[in-house]
Structures are given as C-alpha cells and as structure tokens.
Student: 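Submitted below is the structure of interest, expressed as structure tokens.
In the text below, chain A, chain B and the rest are named by the order of the sequence lines, each starting its count at 1.
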Amino acid sequence: MNDPIEYAEQRGRFGSFGGRYVPEPLWTPFEAVAQAYRDAMDDEDYHRREGRWRQSRLGRPTPLTHLGALSSEIGGAQLWAKREDLLDGGTFCITSALTQALIAERMEKSRLLGESATGDFGVALGSVGAALGLDVTVFMRRAAIEQERLNAARMRRLGVELVAVDAAGRGRSQAMAEALRSYSISWDETFYATSSLASPAPYPQMVGRALSVIGEECKEQLRDENIEVEYAIAPVGSGSFAAGLFEALLDDEGPQIIGAQAGGGPETTRNSASLVRGRPGVYLGTHSLVLQDDEGQILAAHAEAPGLVMPVAGPQHARWLQEGRVHYVMVDDADALQAQRRLARTEGIFASRETGYGLAYALKLAPTLRSDQHILVGISGTGIRGLGQDDEETDEGGIA
Amino acid sequence: MNDPIEYAEQRGRFGSFGGRYVPEPLWTPFEAVAQAYRDAMDDEDYHRREGRWRQSRLGRPTPLTHLGALSSEIGGAQLWAKREDLLDGGTFCITSALTQALIAERMEKSRLLGESATGDFGVALGSVGAALGLDVTVFMRRAAIEQERLNAARMRRLGVELVAVDAAGRGRSQAMAEALRSYSISWDETFYATSSLASPAPYPQMVGRALSVIGEECKEQLRDENIEVEYAIAPVGSGSFAAGLFEALLDDEGPQIIGAQAGGGPETTRNSASLVRGRPGVYLGTHSLVLQDDEGQILAAHAEAPGLVMPVAGPQHARWLQEGRVHYVMVDDADALQAQRRLARTEGIFASRETGYGLAYALKLAPTLRSDQHILVGISGTGIRGLGQDDEETDEGGIA
Amino acid sequence: MKNRLTPLENAFPRRTTPLLLTGLVAGDPFLEATREYMDVIVDAGADAVELIIPFSDPAYHGPVLRRACDRAMSEKVSWEAVEEMIADFRRDDGNTPVIVSTYYNRVLARGTTDCAQGLAESGVDAVRVTDLPAEEAGEFKEEVEGREMALIQSIAPSTTKERFRRLAKEASGLMIWTGHCGAEVTMPPAEFRDRLRDLRQYTPLPIVASMNVESGEDAASVAGACHGVLVQSAIAWLIEGLGANVEERLGAFVADLRVNLDNIAE
Amino acid sequence: MKNRLTPLENAFPRRTTPLLLTGLVAGDPFLEATREYMDVIVDAGADAVELIIPFSDPAYHGPVLRRACDRAMSEKVSWEAVEEMIADFRRDDGNTPVIVSTYYNRVLARGTTDCAQGLAESGVDAVRVTDLPAEEAGEFKEEVEGREMALIQSIAPSTTKERFRRLAKEASGLMIWTGHCGAEVTMPPAEFRDRLRDLRQYTPLPIVASMNVESGEDAASVAGACHGVLVQSAIAWLIEGLGANVEERLGAFVADLRVNLDNIAE
Ligand SMILES: Cc1ncc(COP(=O)(O)O)c(C=O)c1O
Ligand SMILES: Cc1ncc(COP(=O)(O)O)c(C=O)c1O
C-alpha cells in the first residue's frame, strides 16, 4: 500500500470504495480497458509518448501564478493559482482526454465515445481524437448543447459527432447513460472515455493518474519557488480536477487539503455536495458517496457551475474523506460567483465559475493566516465557456 | 548595425522606414514612452520581472507542436506549429500587452488606454491591467463590439471600460484615432498601448522586441528537436505577430521567411496586402508600406480575418521587404478558411482564422519538399473568438 | 457451496415449452394496478413475473422502461409496499415464480441483509440487480442465496466463453441473455443462435433471452435458440398506452406470446 | 539658415488687432463652393484662409472636420484642382495669405518637391502638415521654405518649454497652439493664459490658437492670451448645415468674430 495508485489499480478499489458496478454487457469491455491501461503503465514508451504530447501539444506544465494583487487586497496569506485554464481547450480536461485517447490507440480502437456535461470534455476529446486520427462521438444533453453554444460550435469545428440526449434535469448522468448504452453495442471498435471520476473501474484510476500530473507540477513549482503551502484547495464535482491537484500533495507532511463543493446557499437546500451531504452508495458504476434519499433514490444535484452538478464523487474522494486526509466543504453559489468575478477584476484572470467555489473558500481562509503563509488554489479552466450564454448580463457596466 | 533592434530603437527607424509621424500634442508623450522604454531595456530588474511574468502568468514558453497527422495527410515536409493560442487570453497579444503595461507601471501611469480591432488585444490589456492595478480603457468600433460579443463580454468581466467608436468600415484605424485623441488629453496619467505594429516610434520597436520572444522560443525549441526549418510562415496584418516570430529567425543561414497577407480572392481585388500591393507612405504615425491610391488616399483593407484588416504594416516589415529578407505573399480568403478548418479536423487545433492565411501557404509549399524537411507556421490564437458570431454555420454537420 | 435447488429452478423444468418471463415496473402507474397486472399476466400464461423496483436513474434500461420508472417514481414505491403486494400475490398464487429486479443502490440503501430478508419473507424467488456484476456481488449473493432465492446472472454478447463458464459455475436459477440495448438488438440472429447453442453446453440452467420482443413472432424466433424470452418493454409500452381496456390488451398480448412460444415446441 | 521673411510674416505685423485665421475644407461640399466661401470669409474680415486638403483618414481631426473631409473626399479633390482654385483666388486677392494644410501621406504621394513647387506656384504662403512633426520634417521643410513659404509649426499643452524653444528657433511664419482635441479644450483658461504669456517671450512669431472657437465671445476670450485664433470646425459646421443662405450666415459669423477680436484691441 505504499503507492495508493498502484494499490487501487490492482483491485479496482480505493479502500472500500470504487469497483466496477456495471451490467454484464459492459464488464468485459471495461476489463479490456483495464488490461490495456495496466499494460500501458508498464510500458516506458507509453509514458514517454504521453509526456511528449502533454508538453508539445497540450501546453504542460501549466504555470503556477502568484496572485499578488488579490493577496494584498484580501490581506493574510499569499494565494497561488495553478493555471489549468492555459491548457489547450481552456480546461484541465484535455489531460484526461489525452490519456484515454492514447489508451484507445493502443487498443486499436477507431473511435472515442464519451459524454460531456459542459462540452469542455467534448472539446478536449475532439482535439485529441482528431490529432490521433480517431473518430469522436460525444453525448450531451440537448439543453446543455443549446446553452453551451460555444463548446457545441467548437466540437463541430473539430469534426465531433455530437449526439443530443433528450433528458430532463441538469448534470451529466443522463448523457453518461446514453453514451454507455451506445458503447455497449459498439465497444468492439469504440473506446469509452469519460470526464467523470465517478465511473466504473478502471476509469477513476486511469483519470486520476492522468490528472495527477497537475499536482506533480505544483509540487515541483512550489519547490522552485521555495514555498510550502498551508492549504491546497480545488472545486469538486465528480472530483477529477481536484483529485489531479490533490494526489501528489497527500502527504502527512503536506498541506491541509480542501475540496470545495457547491453548497447552494441560504435560500436553498439544493447542492452538489456529495462528500458532505452524501451517503455511501453505488451510482454511475462506482461505490462512493452519493446524494440520495432514504430509499436509495438519487437526488438531483444543483450548482450554479454546470461542471459541478454531480450527485456522486469519484471513489478516491470517498476514501480520502473516510481517512480524514481531505476536508470537504460546502460553498455558497453566490460566494463562488463573487470570487470568480473578483479574480477577474483584481488579477485579470477570467476563470471558470467552477473555480470560484474553491477560490471563495480560499478568500475566507487567507485573512486568518500570516502574509508569509501560502494557499494553493486550482483554476480548472477559463470562464469563456459561460459567456456563450450569459452575455446579457450588463450589470457590470455597459459600453460608453 | 549589429543588432537591428538596438539600431532601430535609437533612431526610431528601420532603415528608411518607421519614425514618429504624429501631431505635436502626441510628440512629447511618446518621447517620454521612448525614454522609459530605453531605460527599461537597460534595467536588468525590468527584464527579470518581465521574464517572470511571462512564465508564471502568461504561460510562456508556448509549445512547438509537430503537426504529424496534417503533414502525412498533405505529404511532403513536416509541419510544426508555434502555439500562441495557448497563451493566457488565447492569442499572442498578451505578450505585447504585458510589456506595455510594465512600461506604464514604470512611468507611474494609472491607466492603460488602447484600441482593439477584434477585442483580443483589449482582453489582453484588461488582464495585465487588472493584475498590475491599472485602469484600462479600450476603444473599439461599435460594429466590432457587436460582432465580437465574446471578447466584449470578457473585457467587461475584467473591468475594462469599453468605448464604442462609431465609424464606418472595418479595421482598426478609426478606433486607433479615437484612442489617440483621447490620449492626447489624458497622457499625464495614461499610457497609450497598441496592438498594431504600424504605430509611431517607439511602439514598433517596443512591440517588436516584446514579441520577439516568440521566435526566440522557436529557435530554442527547434534546436531541442534537432531540426532546421526551411520555411517560417506567419500571417501579417499590422505584422506584430509575424515580426515576433520572424525576428530571431532572420539570419543568412536561417529559413526562408514568409509573411502571408490576405489577398482577397478570384472574385475580388480587395485585400489587406500592404506589403504586396502597398506603396511607401505615412499612415498611423509610421513610414511604411501603405495601401493607397495615386492621390495618397488610404484604401480600405479587406480580409475575412478581422485581425488582418489593416492597410499598413509595421515599418520593420517594409524594411525586410526592401532588403529581401522576408518574402510577402497574398493568400486567398477561401484558402485560408479551408486551411483553418483542416487544422481543426486533422490536428484538433482550432486556430484563429488569421492563422489560416499562413497555414494555407504552408500547405501549398509542403508537397514540394521532402519529408525530412520542415516548415514552421505560427498559430496566432484560438478560433474561439470567431464562434461568437458565426455559430449559425451549420453546414458542417448538425446535431444527431 | 450454495444451495442450487431454489424454488425457481424447481419451477421451470416441469415445462417442455419455452419459458415466458414478463416484466412489470412496480408502481406503474400505481401499485394496485401492478398487482392486478400480475394476475392478468399469469392468467394469460406467463411462467414468471419480474417486478422492476423503480430507481431514480435506471441508466441501463431503454427509454420505454425509463419512462415507466419515472411514472412509478412519483408513487414513491417503498420496499415494504412492494413486499406487501408480493405477499398478497403469493396468497393467491403459490407457484408462479416472482423475480425482483432493481439497481444496487436501492439494495444498499436498505442494507443487503434487510433487503434479502424482506424479499425472502414476502415470497420472492429470485433477485436481479442490473448494475451488480458477479465480481461485486459477493456479500449480497450470500444473503440472497442463503435465503433460498436465486441471484440471477446476466450474460451478454460481450461475455467471453471463458467468462461465461466462470459465471455459469456460480449461477443459480436461470441466466438472462441481455441481447439488446434499450431498443437495438445487439447481435444478428444467426450469430445469436450459434452463440447460444455454444453456451448452452456449459450450463444446466435455462438461458432466457431479453431481446426486445414485441410480438408473438419475435418471441418464437428468439426462443428457438434458447430456453425462453423475457419481455419487459413491450409490456410497459402497453401500460403506457393505458385506455379503458388496458388489462384486456395486456392479457391478449401475453396470451399471444404464450401461443407462439408453445407452437415452436410442437 | 532659412529665409524667415516669408510673405506670411510680412503680412501680419501690419495689423494691431488679433489675427483671425479661418479654415475651409477644400471641396466641401465642392470646389467651386469653397472658392466662393474664400471670398465671403475674406470680405467678412478674415486675415488668412487655411485650406484643408481632404485626406481619407483625418485621424487627428475632430468629428466635424472629419465629416467635412468625408464630404470633400467624394469630390476626389486633386492637388491640381486645389492649386487652380488658389491661383484663381490669387488673381482677385494678392494679399490675404493662404495656408494649405493636409496629412503627410498626401504630400508623399505627390512627391515633396512637386508638392512644394505646385503650391508655391499657385500662390500659397504657408503649409501645415498635421502629422509631420519637426523631427520628421527635414526634407519637406527645405522644399517649402526654399520656395518662400512657411512650414507652420504647431505647439500643444504637452510641449515642454525646452522643446518649445527648440521648435521656435526653427519655426517660420507663425505658430499654432493646438489647444483642443476634436471638441474638448485641453487646458483650463487660466493655465492657458499663463502658458502663452510664458511662451511668447521666446519667439517673435505670432502664436495663433486653435481652441474650438464657436462664437465671437470665445474668440475674444482666447485671443486675449495670444495673437489670434484659428477657426475651423465652427465654419465646417456652418457649411454642413447648408440651407439657402449659407454664404450669408458664413459672412455674418466671420464678421462677428472680427468685431469681437477688434474690440479687445481697443
Ligand atoms: C471548468 C471545469 N471545472 C471543474 C469541473 C469539475 O470537474 P470534476 O467533475 O472533475 O470535479 C468541470 C467539469 O466539467 C469543468 O468543466
Ligand atoms: C488572432 C490574431 N491573429 C493575427 C492578428 C494580426 O496581428 P498583426 O496585426 O499583429 O499582424 C491578430 C490581430 O488582432 C489576431 O487577433
């Protein structure tokens, strides 16, 4: 159990969480993915190729930016931001998409099939798919396609086959279900790719490992800056971004790690805080913490940031919670929006709304610390996506 | 004349081109900028600070990506892309904006004032302005603001004061004129920043030097790849992006360098090819090549890519043309669009339409070369900007 | 070793004609109706009734069953209510096997022991959990089989022969071939026939196919290659249509399936 | 050393009242009209006429003059046509100085020599190039001054005293204080007065202010601090309004400026 990733990959589990809870049609295809993934992990050529692509195409490593202006405005600790908004496509997603596409290539699949809640992962999949000569099909709720016009248009430019799923409610589970159903009849030539850490094995392992490069880079960058952070904070929907940031920093000597979930607000009990309000359960193929009622019915998740709308988190988070290694908190939607806007105004970094949830918590923590202490926040992506829809907001000053 | 940059900076000239052709109210403010800029260049602290910001905030160096799939699809030379689309804000612009903002800070100005044709530079200015605690005012044609909704919305989020200029025609000269008129009564606390290389001294020097980091990085990256390129190609509007890519590669032993300008197409004589169809003249404060009629009236420039709509290029280009160091060509609008789309479909890189002009030329050159020869193309930015307006294009396959 | 002689296994070998298993979503449109449909279906010739306990996110079911679950969800069907209904059915009908199927989260929410106990007490013969593969079933399988119920194993086109043999060794009651995905049947008929002929060598259990059967003809053609059919969506679709005479049409539909299945045995 | 005794310099010292310079965009709305306006303006008391040769992108002019240039642009006003008109004016009026102003690209397109020669031959007294600062003017300045014309130097609020002294040394004819930017006047009146008082020590040339003068009152108030006013936009605005009696109103407006300027001298 020295290396938690290795341990997890062998059993498909993270402590008592994880596993592969899928109907029989999906078992064997996913076992083949697990096998191909294990093979890749043992193959130095694979790691070299992945490393090269990350650097020369995705734009890794991403910078670690000192938020000097914001820190002094708030007073207290110094804030540092890991800039996944500067990756190709504008979000952290492409790092995960690349790994999955490279595994697909190893398996000699000709197509990537995935689901996307916001289109971010769809764009990422479209990019790496095109580069590797793989067809790409993305399932997305029809309402989400209409809302995320920008990402829909980008996917079309990238040649993605975009499949609209008619389903009520927000969040990605419906589109995931459709994608999986389609995959169950096409797995022979198709690779299922997911943006969600809450997925059947080997996906939480595979996605978690792919994204752990985020935290590895941070560790090195903090060393270069000669800094030790007191806190590391990231937003948690399904938790893939957060897991990517946290993994390398989970160390008894390391910082206090905080996963920020959408907690709704004073006027609502609706939230996406699976790791605060959820109970153990099995959903979307994994045993983890799930927002559910007493009868085991899944509750609709809510967050102002569409990327966080998820009633279940990846199983490693359930384990980290259980073991007390990560602290999960709820952040009000309004505070998150506030934090997102403040980052834009004060630092000129227009980050995703998802980012606001982690940042809002950091902004509350900072004043309780000394100015020679440090907080690391993860920026999951740029805020451009959201502009496709809410540019009617003119409350922020019009045109002269 | 060993170092062309140094030479130019001292006289404000590039050979017989360049200079500072401005009315008296602007002379002294620009001379002060020139002085501050010279001081900064002699100040190691300045260079250190600039380098640090570039790396830790802007995302420099940007990757050099081998376009393997496109190269083999085309046949012939290997194509390599310099990825300025991965910079903060999604275009090369922020590198120039940063330098200007840092000079403004040195001059203890409290405001940045600039013009933006597409909003790309406005977003860049907004970002660095916010980070440095400077107010930002951006002048933009009203029609452009309406068309570039995405960038307008981004600027608002960044707290930019966006001033709509009512002016006919495309291109940036009208907005530049308004910005300069406003600056002429506010220079005391304001710094004028420009996206255009075709500007009065010291701007062509300052912007050219700031952006020359693009080519410096390429040189190093090509050395790391152990590659010598036969051609280096970039789109040229005012030519700041291209100058940034070219400067470090201008070497007798170096590649053939090609500036691609918007040439219209078979059905039109309208173009933006100042360096092919232009004659020497003075416009926008600089002596360079200008699209004009026999009476010296400026001709309206045309290009499908708004960033290239410019009837005059930066003075260094005029000099490079005169000295035969760079070859300037016209590329059809239709071919450029084709190239942009092909890059998205084949490589998963959704670049700006401007990029298509350089790439289209590269795609014609490549088959004439051997597969162990190499071509470098510059990607000036992402294509997202354009999606804000033409997402009604459904010709590329709808939603299933 | 678990007890292989569950009531389910005992019930089937008596028949010489193909098996007709019929599914109903419990609580669609309300529980009393389901209870009546059970009688109708059994009277019309079904060999067993599967009761689908509605789940909020029946991701692996096709659109018709998802709509049926949606309707049933608004009835807030509790385990206790379903069990009462089954017990009531058992009072009238001591023989026809009842299979309960659901998603694993509903089982976990109640607790695997309580769930198995409650179902066993109400007279359930077999349990099927859509998203619980054999590899993850350990604990619940013991709870179920320890109470003389079968935990039904599914197989699918993607199941390798090697895996099938492993699954078959541990299976009880019957096995269900999941041969469609929502609507589309996932394997061409000839291949299906060959595959099933092959698989049947490795298990003494009946293999019943879920193949999107919509008519007596469909049923007959599918059952020619295996031991019977499981019909779910077509029944939910009939119930969705409602109208005054839904029970009449339901009975006629099942009777037609029965006749067609019996015909191929002759 | 250049010849300082241009006709322009000779013309002004004769007056004891403030100078009234008036600008017209050549070709707005057509050249014949401009020719007539010149007479009207001079008859009403202007000391000199500035003819603005239209440029496609008069970036450094305010909105009124840019619109005037736009209108004149559609007339495609060539150098030759303007020169013919000036020559015609000179045949009637041998004294009133004529200043030609434009942007440098129009000069370059013709060639600096041809341009200076053509203008000199038609009877022009001074040339003003909006975007040609002293530092860039070398060659053209020689061409102009070599032909007994002045190349008029502008000064502005941003001009330092040190720079002013350098500019004044090289200046000929008169100097123009560019004290507004399109519409807004760029320096408060008191500061303007102080600054001009200071500058006047360093040059024998008259300093005429371009200060967005819109009325006789404005003119008087500005001219109190310098040697006169240059009025452009207000005249272009009058012409833009057109109507039947535009010449009448133009004459009345200039006459009013004249009266107000003459009053302060008394
Ligand atoms: C920008 C952004 N941030 C955060 C998230 C949440 O990611 P995760 O579900 O991996 O926690 C998403 C998901 O789409 C996203 O797009
Ligand atoms: C994406 C992009 N590419 C190219 C250009 C042209 O740049 P330049 O005028 O410096 O040649 C621009 C200008 O805005 C741009 O936005």
Student: Report the option among Pro157(D), Ala109(D), Ser56(D), Ala156(D) that has the most heavy-atom pairs separated by less than 4.5 Å from atoms of chain B.
Tutor: Ser56(D)

Student: Is there a side-chain contact between Arg13(B) and Glu136(D) in this structure, where contact means two heavy atoms from C-beta onward sitting under 4.5 Å apart?
Tutor: yes

Student: Measuring only between side-chain heavy atoms, which start at C-beta, is Trp27(B) closer than 4.5 Å to Glu135(D)?
Tutor: yes

Student: Let me see the working for Ile298(B) and Asp57(D) under side chain to side chain contact (heavy atoms under 4.5 Å, CB included), right down to the final yes or no.
Tutor: CA-CA 7 Å; Ile298(B) 309 305; Asp57(D) 289 63; 3.5 Å; yes

Student: Quick one: does Trp187(B)'s side chain get under 4.5 Å of Ser158(D)'s, heavy atoms only?
Tutor: yes

Student: Just one of Leu108(D), Val107(D), Leu132(D) clears the side chain to side chain contact (heavy atoms under 4.5 Å, CB included) bar with Val282(B), so which one?
Tutor: Leu108(D)

Student: Could I get the full list of side-chain hydrogen bond (donor to acceptor under 3.5 Å, both in side chains) partners for Ser154(D), not counting sequence neighbours?
Tutor: none

Student: Answer with side chain, backbone, both or neither: which region of Glu295(B) has an atom nearer than 4.5 Å to a non-hydrogen atom of chain D?
Tutor: both

Student: Do the ring planes of Tyr283(B) and Phe55(D) sit parallel (below 30°), tilted (30 to 60°) or perpendicular (above 60°)?
Tutor: perpendicular

Student: Regarding Glu24(B) and Thr159(D), do their side chains bring together a donor and an acceptor under 3.5 Å, going by distance alone?
Tutor: yes

Student: Please rank Ala134(D), Pro133(D), Ala59(D) by heavy-atom pairs under 4.5 Å with chain B and give me the top one.
Tutor: Pro133(D)

Student: With a cut-off of 6.0 Å (strictly less than), are more than 12 heavy atoms of other residues, nucleotides or ligands near CD of Glu142(D)?
Tutor: no

Student: Does the side chain of Arg106(D) reach to within under 4.5 Å of the side chain of Gln297(B), using non-hydrogen atoms?
Tutor: yes

Student: Does any heavy atom of chain D fall under 4.5 Å from the side chain of Glu178(B), the backbone, both, or neither of them?
Tutor: side chain

Student: Sort out for me which of Thr160(D), Thr178(D), Val77(D), Ile155(D) touches chain B most, counting heavy-atom pairs under 4.5 Å.
Tutor: Ile155(D)

